[in-house]
Every structure is written in structure tokens, then in C-alpha cells.
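Presented below is the structure to which this report refers.
Throughout, protein chains are lettered first and strands after them, A, B, ... in sequence-line order, and every chain is numbered starting at 1.
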2 protein chains.
Amino acid sequence: MTVRERLLRAATELIAEKGWGAVSTRMLADRAGVGSGVVHYHFHSVQAVLVQASVGALKSAVDDLGHLLDASSTPADVLTRLLEALDGHGGQELFTETLLAATRNDELRQAVGEVLVDFRRTLAEWLAARDVPTPVETAAVLAAAVDGVLLHRALSPDLTSDVVVPVLGRALR
Amino acid sequence: MTVRERLLRAATELIAEKGWGAVSTRMLADRAGVGSGVVHYHFHSVQAVLVQASVGALKSAVDDLGHLLDASSTPADVLTRLLEALDGHGGQELFTETLLAATRNDELRQAVGEVLVDFRRTLAEWLAARDVPTPVETAAVLAAAVDGVLLHRALSPDLTSDVVVPVLGRALR
DNA sequence: GATCGTACTGGACGATTGTCCAAAGCGTCT
DNA sequence: AGACGCTTTGGACAATCGTCCAGTACGATC
């Protein structure tokens with residue numbers, strides 16, 4: 001793994017652990033096992049590291065979600081896999097932190113917006129092919145609802161797939 | 001308004017604007033229109049201001065939501081009002097930031113957890129009285145879904161109540 | 001009018017921040 | 001061997017951070 005990749009990896013970990021606003025140059029360098037100056041050699045600012053790392057993680061997660069949809073047959077199936085996949089893929093905090101940071105950073109907002117539109121379109125097509133009513137609107141709300149569930153799950157672990165899937169499943173009929 | 005109250009108000013504004021980790025002593029004092037030393041006169045740390053302010057805002061929002069439930073008759077009605085109320089009540093960012101911070105602060109986690117349990121119980125009772133299936137689980141998922149919608153709405157303003165209510169409404173039948 | 005306690009100010013303190021840079025390490029080519 | 005370019009290091013720099021504290025302002029009490 002190159003130093004650049006190690007820095008991006010460190011960024012995704014630290015955003016989830018400490019929060020977007022609490023990640024510093026030296027934290028990144030320490031976690032990546034390099035000197036502190038190397039951060040500004042590969043990136044032109046700390047914010048740039050965070051943006052590239054979080055957008056990269058978001059894109060790779062949405063890619064996985066695309067493959068996941070192909071392998072799913074029922075709405076309950078896709079909900080279960082969706083929750084599992086996002087949970088594993090860097091943790092819920094990373095995505096929430098990124099969405100929140102996108103609220104305050106125009107460049108990030110645009111990049112995240114594109115990824116989100118892409119995901120909603122893929123999901124809407126899947127829903128439409130299975131005759132779910134109002135697929136476009138349902139996909140948009142579903143994406144948001146899943147994010148909310150991941151966030152709440154961090155505080156109340158009893159919000160398992162067993163609880164979530166039947167309820168959200170009712171919205172997919 | 002007392003200086004203490006002005007500081008708490010400033011804290012809720014700044015958490016939403018800048019993010020939990022980016023609120024500083026002098027920011028708080030400036031926004032409240034007081035000298036910088038006064039923060040540690042009324043509170044024993046900056047974190048304490050943020051915790052008290054965010055928990056207070058959360059409690060008052062949940063209180064309003066309780067009254068709101070009394071005035072609502074249909075599930076679609078309660079969804080619409082819920083989204084409106086939370087949107088106005090300090091903005092979506094404040095609540096998301098608070099939930100995220102609760103992930104990293106034990107004292108805050110406990111306080112937020114209690115408020116959340118309280119809200120879910122109230123909502124579950126309302127749902128049960130209207131014969132919505134699995135009211136407890138539905139209330140938990142609904143609370144999470146609404147939070148997710150508010151977060152996504154910050155990035156894609158097209159996620160209006162007109163779009164959200166019909167979809168989530170399907171989960172309440 | 002002197003004294004007292006509460007509320008508040010503004011600056012000091014050491015630690016940490018983002019950014020930049022001179023120097024050094026190191027493989028490749030002449 | 002020498003020169004070159006890419007990568008990395010560790011420290012310098014001003015700015016800002018959280019916290020603390022000596023000193024001031026002011027109404028209430030004696």
C-alpha cells in the first residue's frame with residue numbers, strides 16, 4: 001500500500017473515530033506511520049485528504065451496493081443486505097460525518113450529491129422492475145431512512161435488521 | 001435573557017453551523033456578546049456547554065412533538081408535522097451532530113438515549129392507539145427514518161414532505 | 001460610605017493547530 | 001562517481017485552542 005493510500009485509509013478511520021472536525025495533520029501522519037510533513041506533499045490541505053478519502057469510501061460503498069442489488073431477489077432481502085453492507089463498510093459514523101460535512105463544503109457537497117443521485121437511480125430501477133409503487137420517490141426515502149437507521153443504531157443497538165426490515169419492508173409494497 | 005441562556009443559544013446555533021468539533025470558547029463568547037472568560041464561569045468546560053445546549057434543544061423538541069401528536073389524527077398528518085417541526089426546531093444539523101457526538105461521549109450518550117427512548121415510547125403509544133402493526137418497532141424505525149430524511153434533505157432539497165410522507169406512510173398501515 | 005458577593009472582563013499560559021520548507025534519503029540514469 | 005528527481009523527514013512559524021486567574025463593575029447589606 002502506498003503512502004498516499006495509507007493516508008486515505010487513516011482518514012476514513014479517524015473521521016469515524018474522532019469526527020470530521022477533529023482530524024489533524026499529525027493524527028493522520030501518525031496513523032499512517034509517516035512523518036507529519038508528508039500530508040502536505042501528497043495533498044494540498046488536510047480538508048483535501050478528508051474529502052478525497054470520504055468520497056472514495058462513499059463511491060466504493062455504492063459500487064458494492066450495485067452488485068448487492070443484482071444478487072437480491074426480494075425487498076426484504078435487499079434491505080437486510082443494505083444494512084449489513086453499509087455497517088461493515090467503514091461504519092455508520094463515516095457516512096453520517098461525510099453527509100454533515102457536505103453541508104458546509106461546496107466541493108464535497110457536489111461530489112456526495114452525485115454519488116447519492118447515482119445510488120438512488122440504481123435503487124429506483126431495481127424497485128421499478130419489481131413493480132414497487134412510486135419507485136423514484138421510494139428510492140430517495142429509502143436511502144435516507146437507511147442512513148437514519150445506521151445513525152440511531154449507534155446509540156441503541158437493539159435496532160437490528162430483525163426490527164428494521166419488516167417495518168421498512170411495508171413501505172416497499 | 002440571561003448570559004447563561006445566551007451562551008446555550010449560541011451553542012445550538014454554532015453546533016449546527018460549524019459542527020460539534022469546531023465550536024470554540026471564543027466563538028461562543030462572541031456569538032453571545034460577552035467576554036471570553038465568562039464561558040468557564042458558567043460552565044466547567046466547552047464540552048459541558050455543548051452537551052447542556054444540545055440536550056436541552058433535544059428535550060424541548062421532543063416535548064413539542066408530544067403536543068404535536070395530540071393534535072394529529074392520521075399517520076400522514078403526524079409525518080408531515082413531524083418533519084416540519086424538527087426542521088424548524090434548530091435545524092437538522094443540530095440533531096445529527098448531537099447524535100454523532102453522543103457516539104463519542106458517554107454522558108451525552110446516556111442523556112440522548114433517555115430522550116430518544118421517551119420519544120419512541122410516546123410515538124409507539126400513538127401508533128398502538130391507531131392499530132398500526134408492531135407499534136414499538138415501527139416507532140423506533142420511524143424516528144430513525146425521519147432523522148435520515150432531515151439529513152438527506154440538507155443535500156437534496158427535492159426531498160420534500162410531498163415525496164416523503166406517501167412513502168413512509170405505507171409503513172404505517 | 002464601607003464592605004461584600006456575584007457577574008464579568010481581558011489577558012496569560014502551555015498545548016496544539018495548518019501550513020510551509022530546508023535538508024536528507026534513495027533509486028535511476030549518464 | 002556524480003547528478004538528477006521523487007519521496008520523506010522533522011522542525012519552524014503564526015494562529016488558535018481550552019483553561020485559568022487577577023482585576024473591575026455593581027447592586028445589596030450593614
Determine all donor-acceptor pairs shorter than 3.5 Å in which one atom belongs to a side chain in residues 33-51 of chain A; sequence neighbours excluded.
from: A/Ser45; atom 1: OG; to: A/Gln47; atom 2: N; distance (Å): 3.4
from: A/Ser45; atom 1: OG; to: A/Ala48; atom 2: N; distance (Å): 3.1
from: A/Gln47; atom 1: OE1; to: A/Trp20; atom 2: NE1; distance (Å): 3.3

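- Between the CG atom of A/Leu100 and the CD atom of B/Gln92 there is a distance of 9.5 Å, given to the nearest 0.5 Å.
- Under the salt bridge (Lys or Arg N to Asp or Glu O under 4.0 Å) criterion, the residue pairs touching residues 73-85 of chain A are A/Asp77-A/Arg81, with sequence neighbours excluded.
- In this structure A/Ala128 satisfies the side-chain contact (heavy atoms from CB on, under 4.5 Å) test together with A/Pro135, sequence neighbours excluded.
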N/O contacts under 3.5 Å, protein versus nucleotides 23-28 of chain D?
none

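- Summary for the helix from C/dG1-D/dC30 to C/dT30-D/dA1: the axes at its two ends, each from 5 pairs, differ by 20° when rounded to the nearest 10 degrees.
- By the side-chain contact (heavy atoms from CB on, under 4.5 Å) test, A/Ala111 pairs with A/Val55, sequence neighbours left out.
- Scanning for side-chain contact (heavy atoms from CB on, under 4.5 Å) contacts around B/Thr160 gives B/Asp162, B/Val163, with sequence neighbours left out.
- Partners of A/Ala145 according to the side-chain contact (heavy atoms from CB on, under 4.5 Å) rule, which considers only residues two or more places apart in sequence or in another chain, are A/Leu168, B/Ala145.
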Give every donor-acceptor pair under 3.5 Å between a side-chain atom in residues 60-71 of chain A and any protein atom, sequence neighbours left out.
from: A/Ser60; atom 1: OG; to: A/His89; atom 2: NE2; distance (Å): 3.3
from: A/Asp64; atom 1: OD2; to: A/His89; atom 2: NE2; distance (Å): 3.1

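- Partners of A/Arg31 under the salt bridge (Lys or Arg N to Asp or Glu O under 4.0 Å) rule, at least two apart in sequence or in another chain, are A/Glu13, A/Glu17.
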Side-chain atoms of residues 147-158 of chain A: list all donor-acceptor pairs with protein atoms under 3.5 Å, sequence neighbours left out, distances to 0.1 Å.
from: A/Asp147; atom 1: OD2; to: B/His152; atom 2: NE2; distance (Å): 2.7
from: A/His152; atom 1: NE2; to: B/Asp147; atom 2: OD2; distance (Å): 2.7
from: A/Arg153; atom 1: NE; to: A/Leu159; atom 2: O; distance (Å): 3.0
from: A/Arg153; atom 1: NH1; to: A/Asp87; atom 2: OD2; distance (Å): 2.8
from: A/Arg153; atom 1: NH2; to: A/Leu159; atom 2: O; distance (Å): 3.3
from: A/Ser156; atom 1: OG; to: A/His152; atom 2: O; distance (Å): 3.3
from: A/Ser156; atom 1: OG; to: B/Arg120; atom 2: NH1; distance (Å): 3.4

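- Across the protein-nucleic acid pair, A/Leu28 atom CG and C/dT17 atom C1' stand 13 Å apart, rounded to whole Å.
- Whole-Å rounding puts the A/Lys18 NZ to C/dT17 C1' distance at 16 Å.
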Would you give a per-nucleotide map of nucleotides 7-22 of chain D, 5' to 3', where B means the base has a protein non-hydrogen atom under 4.0 Å away, S means only the sugar-phosphate does, and - means neither?
BBBBBB----BBBB--

